[in-house]
Amino acid sequence: STISADTLLSALGRTDVASRRAALDADVMHVERCLSPKACAALRSAVDCERRLECDSVDHGPEHQLNLSCAALEQLIGVTE
């Protein structure tokens, strides 16, 4: 299923202009079980070990975010995922 990026950003309280501009004509997909258990565990482990803990701009709490390029994600979970 999909949800518009604008709807998601509103639910997250992101109403700033930059977020709205980024959401133009974009959908966010939700696909159940799109990663194998092994790939999901690898991704969770990478996030737990390498995440950014800087305070974010929404609630000023840790972001718990790991920015990955497509190549880094493929290396982490495999190309077939």
Side-chain angles (χ1 to χ4, degrees):
S1 62
T2 62
I3 183 172
S4 72
D6 190 56
T7 300
L8 177 60
L9 289 169
S10 291
L12 294 172
R14 296 298 303 262
T15 57
D16 56 280
V17 174
S19 294
R20 294 293 182 212
R21 194 175 314 123
L24 293 175
D25 300 321
D27 288 333
V28 177
M29 291 184 62
H30 170 80
V31 180
E32 289 189 36
R33 297 178 192 94
C34 68
L35 295 177
S36 68
K38 180 179 176 183
C40 189
L43 185 55
R44 277 194 323 270
S45 178
V47 171
D48 288 345
C49 293
E50 303 172 36
R51 66 184 175 225
R52 293 177 47 194
L53 293 176
E54 292 86 19
C55 294
D56 67 22
S57 61
V58 178
D59 63 2
H60 305 288
E63 285 186 315
H64 299 286
Q65 174 177 319
L66 176 61
N67 296 329
L68 294 170
S69 66
C70 288
L73 180 61
E74 286 178 351
Q75 184 177 14
L76 183 64
I77 66 172
V79 177
T80 59
E81 295 288 334

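All residue numbers in this chain count up from 1 along the given sequence.
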Rounded to the nearest 0.5 Å, the CG atom of Asp48 sits from the CG atom of Leu43 at a distance of 9.5 Å
Has Gln75 got more than 12 heavy atoms of other residues, nucleotides or ligands less than 6.0 Å from its CD?
no
Working to the nearest 0.5 Å, report the span between CG of Leu76 and CG of Leu68.
6.5 Å
Heavy-atom nearest pair, Leu66 first then Val47, reads CD2-N, 3.8 Å
To the nearest 0.5 Å, how far apart are SG in Cys40 and CZ in Arg44?
4.5 Å
